[in-house]
Structures are given as structure tokens and as C-alpha cells.
There are 2 protein chains.
Amino acid sequence: MPAVSDCIEMLDSETKAVETPEDHAEELRLWLRLLTCTTLIEGEVRGRLRQRFDVTLPRFDLMAQLDKAPDGMTLSDVSKRMMVSNGNVTGLVERLVESGHLDRRTSETDRRVQVIRLTKLGRAEFRRMAAEHETWIADLFGDLTPKDVRELMRLLAKTKASAQKSAAARRP
Amino acid sequence: MPAVSDCIEMLDSETKAVETPEDHAEELRLWLRLLTCTTLIEGEVRGRLRQRFDVTLPRFDLMAQLDKAPDGMTLSDVSKRMMVSNGNVTGLVERLVESGHLDRRTSETDRRVQVIRLTKLGRAEFRRMAAEHETWIADLFGDLTPKDVRELMRLLAKTKASAQKSAAARRP
DNA sequence: GGGAAACATTTTAGGCTTAAAACAATTTGG
DNA sequence: CCAAATTGTTTTAAGCCTAAAATGTTTCCC
């Protein structure tokens with residue numbers, strides 16, 4: 001685990017002992033701020049979805065994935081895209097099939113695989129919600145200039161790449 | 001709710017009808033990217049905390065709040081700081097008192113209020129975890145330059161303010 | 001062909017989370 | 001003073017979420 005050793009200043013050949021551990025307070029603050037922003041916005045969106053459409057955020061997110069895939073997706077695909085566990089998806093899908101928003105069938109070519117799609121009802125309801133959802137997001141980010149948005153996109157892309165690299169280094 | 005009407009171009013007095021709805025795809029993409037970054041890092045931290053210290057992320061977060069408050073905090077304070085529901089904190093505290101990490105007592109001046117503190121054990125364990133946690137964060141954000149970090153801090157501060165304003169406008 | 005490995009999903013056990021209702025204590029404004 | 005509003009916490013019901021084990025299916029490869 002290289003992170004721990006990186007945390008100590010290099011030895012200065014013969015003369016000097018170990019330096020004080022490096023200060024990572026800035027990164028820590030950045031992480032907390034990132035988390036705050038996400039939690040804030042997520043909570044707001046969750047509340048509006050519930051009040052306005054009586055739907056939960058995870059259900060909305062799952063339908064959003066399926067809306068982009070007219071031919072359906074496998075549960076694994078959904079799980080990877082949503083970055084949640086497999087078992088989580090199983091439960092979500094169960095409830096959405098129950099409520100008539102999703103259609104689920106076993107793949108004809110591979111009987112391990114379950115393919116899910118939005119039903120007509122599911123798609124219609126999702127589109128209705130998504131249109132309003134988009135205005136909420138626009139409003140929540142409303143004080144950012146187009147330049148701010150571009151710059152944030154760039155820096156978050158870099159952040160994502162950095163985190164993925166660091167995460168991958170731990171699981172080879 | 002001003003967001004919905006803002007989504008439509010203003011009427012051009014007599015001559016023109018309603019324009020096409022504004023395109024907020026950029027903000028939507030930004031939101032998804034923000035969410036991806038947070039989920040990615042959060043999942044990584046959660047897994048490392050569990051593997052390395054057999055502790056859950058919410059427990060770590062709660063202890064982190066208390067570590068900054070030597071005189072303890074009320075449950076409400078914790079709830080606000082962590083941006084989670086009151087009932088959630090009740091349960092978390094229950095388990096952490098049970099495991100000996102937290103001390104909880106009723107305020108002497110206001111019998112509604114519960115004040116919680118880290119125990120000696122709780123503080124010691126938290127400090128040990130926090131030191132390592134900081135290196136994980138530094139590693140996850142490792143590819144960002146100091147300038148990137150500053151710039152992200154600035155833009156996320158702006159984002160937070162924007163979202164808070166938008167959220168406040170909905171609940172007066 | 002057939003056993004081992006890989007894969008997709010479900011199940012299990014436990015914990016987290018929320019919104020809303022209920023309860024208890026304090027503060028406020030007539 | 002005292003009823004009403006407010007505040008702090010807990011309870012409730014339902015759903016979300018994870019990690020790990022279990023199950024069923026397919027692929028690999030000898």
C-alpha cells in the first residue's frame with residue numbers, strides 16, 4: 001500500500017530523520033465539500049421527487065438508466081452503471097415490476113441473464129418526471145456560469161480518473 | 001415554483017409564441033458527474049474502513065463530528081452537520097454507545113437534550129482510523145495539482161451556495 | 001466429454017436511511 | 001399564568017444498501 005509510505009517525507013540521506021507526516025488537510029477539505037454538495041443536491045432532488053411524483057430517488061435513477069436503453073439492459077449492466085450492489089438491483093427491480101413500470105424476462109440465449117425494460121407506463125411516467133427533474137437541476141446549479149460548468153466538468157473528470165486509478169491500484 | 005416557468009423562454013410580447021424549452025443538458029451532465037465522483041470515492045472509503053478497521057462509514061462520520069467537539073454535541077447538532085435525519089442519528093448513537101465508543105447523557109439545563117461525546121476508547125480508535133483515512137483521500141485525489149484543488153474548492157463553494165439558495169427558495 | 005473456473009443473479013443478515021407521527025420539555029405571547 | 005407554538009428526541013413503517021454466501025448457468029480447456 002504505497003499511500004502510507006508516501007505520507008512520510010523521504011529520508012534526507014544521512015543527516016535527517018523522518019519528517020513530519022505530510023499535510024493532506026486540503027484534500028480532506030475538498031472531499032468534505034464535494035460530499036456536502038452532493039448530499040445537499042441529492043436530498044433536494046429526493047424530496048422533490050417524493051413530493052411531486054411520490055417516487056423514490058433510486059427508482060428514478062434506475063428508470064433513467066433504462067430510458068437510455070430501448071432494448072433493455074441486464075441486471076449486471078444496471079448494477080455497474082448505477083454503481084450499486086447486485087442484490088440492491090434485484091430488490092429495486094422487483095418493486096418496479098410489481099408496480100408495472102418494468103418488464104423483466106430471461107434472456108433466450110443465456111438463461112442466467114435477466115433483461116429488463118421500461119413498460120409503456122414506465123417510460124411515460126419517467127419522461128414526465130425527467131422533464132421536471134431537469135429544471136430542478138438547472139435551478140440548483142443556476143448561479144454557475146457556463147464557464148463554471150465547463151471548468152467543473154473538466155476538474156471532476158480529472159478527479160474521477162484519479163480516484164479510479166487509485167481504486168484500481170488497490171484491487172489488481 | 002419559479003423553476004418551471006423559467007424553463008420556458010419569455011413571450012416576445014405580441015409577435016412570438018412560446019420558444020422551445022431551454023436545454024439544461026450541460027447542468028444535468030455536471031450533476032451526474034458530481035454524483036459519480038462522490039459515489040466512487042465514498043464506496044472506496046467505505047470498503048477500506050470495513051476491511052481495515054471493521055467499521056462502517058456512517059459510524060466513522062459520526063465520530064469525526066464528535067472529534068471536533070471536545071465538549072460534546074447534541075443529537076440535533078450532529079443531525080444537521082451530517083445532513084441526515086434525526087431518527088438516523090438516534091440509531092447510530094445507540095450502536096456506538098453499545099460498543100463503548102460514545103458517552104451519552106441528558107443535558108442538565110434542558111431535559112429534552114441529549115449530549116454525546118467520544119469516550120477515551122472512541123477517541124483513540126477514531127484518531128487511529130482518521131490518520132489512515134487522510135492518506136486514502138490524498139491518494140484518491142492524488143492526480144490533482146494544488147491549483148486544481150484550489151479551483152475545485154472555489155467552484156464547489158459556488159455550487160453549494162447556489163444549491164442552498166435554490167433549496168431555500170422552495171421552503172420559506 | 002467433463003470438471004473447473006467464471007459469470008449472473010438471488011438470498012441472507014445486518015445495518016442505514018427517510019418521512020411522518022408521537023412524545024416530552026421548553027418557550028412564547030396573550 | 002397558561003395555552004399554543006416550538007424544539008429535541010424517539011418511534012414506526014417502509015424501503016434502500018452492502019458484503020458474503022448460495023444457486024444456477026455457461027464457458028474454458030484438457
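To find a chain, count down the sequence lines: A is the first, B the second, and so on, and within it residues start at 1.
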*Asks:* Dump the intermediate steps for side chain to side chain contact (heavy atoms under 4.5 Å, CB included) on A/Leu49 and A/Arg59, then the final yes or no.
*Replies:* CA-CA 10 Å; A/Leu49 280 173; A/Arg59 282 178 217 211; over 6 Å; no
*Asks:* What's the CG-P distance between B/Leu62 and C/dC16, to the nearest Å?
*Replies:*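 Answer to the nearest Å: 10 Å.
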*Asks:* Look at B/Arg111 and C/dT26 and indicate whether a side-chain polar atom (N or O) is within less than 4.0 Å of OP1 or OP2.
*Replies:*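 Looking at the OP1 and OP2 atoms of C/dT26, one of them is under 4.0 Å from a side-chain N or O of B/Arg111.
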*Asks:* Which nucleotide in the list C/dC16, C/dT18, D/dT9 gets nearest to the side chain of B/Asn86?
*Replies:*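 Looking only at heavy atoms from C-beta outward on B/Asn86, the closest nucleotide is D/dT9.
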*Asks:* Between A/Thr109 and B/Glu94, which has a closest nucleotide on DNA chain D that is more 5'?
*Replies:*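 Taking each residue's closest nucleotide, the earlier one in sequence belongs to B/Glu94.
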*Asks:* Given C/dG15, C/dA19, C/dT10, which nucleotide is nearest the side-chain atoms of B/Thr56?
*Replies:*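 The answer is C/dG15, which lies nearest to the side chain.
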*Asks:* Between D/dG15, C/dT17, C/dA8, spot the one nearest the side chain of A/Arg59, thanks.
*Replies:*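 Per side-chain heavy atoms of A/Arg59, the pick is D/dG15.
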*Asks:* To the nearest Å, give me how far apart CZ (A/Phe60) and P (D/dC16) are.
*Replies:*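 Distance check: A/Phe60 CZ to D/dC16 P gives 15 Å.
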*Asks:* Scan A/Leu92 against the nucleic acid and name what it touches under 4.0 Å (heavy atoms): base, sugar-phosphate only, or nothing.
*Replies:*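 Here A/Leu92 touches the backbone only, sparing every base.
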*Asks:* Ignoring the backbone of B/Asn88, work out which of D/dC17, C/dT18, D/dT9 is nearest its side chain.
*Replies:*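 The nucleotide sitting nearest to the side chain is C/dT18.
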*Asks:* Send over the distance from B/Ile116 CD1 to D/dT9 C1', rounded to a whole Å.
*Replies:*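 Answer to the nearest Å: 12 Å.
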*Asks:* Does a side chain donor of either A/Asn86 or A/Ser79 reach within less than 3.5 Å of an acceptor in the other side chain?
*Replies:*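 Yes, A/Ser79 and A/Asn86 have a side-chain donor paired with an acceptor closer than 3.5 Å.
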*Asks:* Might you confirm whether atom NZ of B/Lys160 has over 12 heavy atoms from other residues, nucleotides or ligands at distances under 6.0 Å?
*Replies:*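 No - once you tally the heavy atoms of other residues, nucleotides and ligands closer than 6.0 Å, there are 12 at most.
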*Asks:* How many Å lie between CG on A/Leu75 and P on D/dG24, as a whole number?
*Replies:*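 Rounding to the nearest Å, CG of A/Leu75 and P of D/dG24 are 17 Å apart.
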*Asks:* Would you say A/Arg50 reaches C/dT18's phosphate, i.e. side-chain N/O to OP1/OP2 under 4.0 Å?
*Replies:*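 No, A/Arg50 has no side-chain N/O under 4.0 Å of OP1/OP2 on C/dT18.
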*Asks:* Just checking, is any N or O donor in the side chain of A/Asn88 or A/Ser85 under 3.5 Å from an acceptor N or O on the other one?
*Replies:*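 Short answer, no.
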*Asks:* Assess, by modelled atom type and distance only, whether the side chains of A/Gln114 and A/Thr74 contain a donor and an acceptor separated by less than 3.5 Å.
*Replies:*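 Note: A/Gln114 and A/Thr74 side chains miss the donor-acceptor criterion.
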*Asks:* Heavy atoms from C-beta onward define the side chain here; which of D/dT11, C/dT26, C/dT9 lies closest to that of B/Asp110?
*Replies:*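 Closest nucleotide to the B/Asp110 side chain: C/dT26.
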*Asks:* Would you tell me if any nitrogen or oxygen in the side chain of B/Arg104 comes within less than 4.0 Å of OP1 or OP2 on D/dT10?
*Replies:*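 Looking at the OP1 and OP2 atoms of D/dT10, one of them is under 4.0 Å from a side-chain N or O of B/Arg104.
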*Asks:* Can a side chain N or O of A/Ser76 be found less than 4.0 Å away from OP1 or OP2 on C/dT9?
*Replies:*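 Checking C/dT9 against A/Ser76, a side-chain N or O does come within under 4.0 Å of OP1 or OP2.
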*Asks:* Which nucleotide, D/dT11, D/dT9, C/dT9, lies nearest any side-chain atom of A/Thr74?
*Replies:*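 The listed nucleotide nearest to A/Thr74's side chain is C/dT9.
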*Asks:* Between C1' on C/dT9 and CE on A/Met82, what's the gap in Å once rounded to a whole number?
*Replies:*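 One finds 16 Å between C1' of C/dT9 and CE of A/Met82, rounded.
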*Asks:* Find which nucleotide of DNA chain D each of B/Thr90 and A/Arg46 is nearest to by heavy atoms, and output the residue with the more 5' nucleotide.
*Replies:*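 It is B/Thr90 whose nearest nucleotide is closer to the 5' end.
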*Asks:* Just how far, in rounded Å, is P of C/dT9 from CZ of A/Arg105?
*Replies:*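 Atom-to-atom, A/Arg105 to C/dT9, this comes out as 15 Å.
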*Asks:* Once you round it to whole Å, what is the distance between P of D/dT25 and CD of A/Glu108?
*Replies:*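 So the two atoms are 15 Å apart, to the nearest Å.
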*Asks:* Measure CD/A/Glu44 against P/C/dA19 and give the value in whole Å, please.
*Replies:*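 So the two atoms are 11 Å apart, to the nearest Å.
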*Asks:* Look at the side chain of B/Arg112 and the base of D/dT7, then say whether one donor and one acceptor between them are separated by less than 3.5 Å.
*Replies:*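 Between D/dT7 and B/Arg112, which were checked side chain against base, a qualifying N/O pair under 3.5 Å is present.
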*Asks:* C/dA8, OP1 or OP2 - any side-chain N/O from A/Ser79 closer than 4.0 Å?
*Replies:*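 So the side-chain polar atoms of A/Ser79 never come under 4.0 Å of the phosphate oxygens OP1 or OP2 of C/dA8.
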*Asks:* So among B/Arg127, B/Arg52, B/Arg48, which one has a salt bridge (Lys or Arg N to Asp or Glu O under 4.0 Å) with B/Glu132?
*Replies:*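 That would be B/Arg52.
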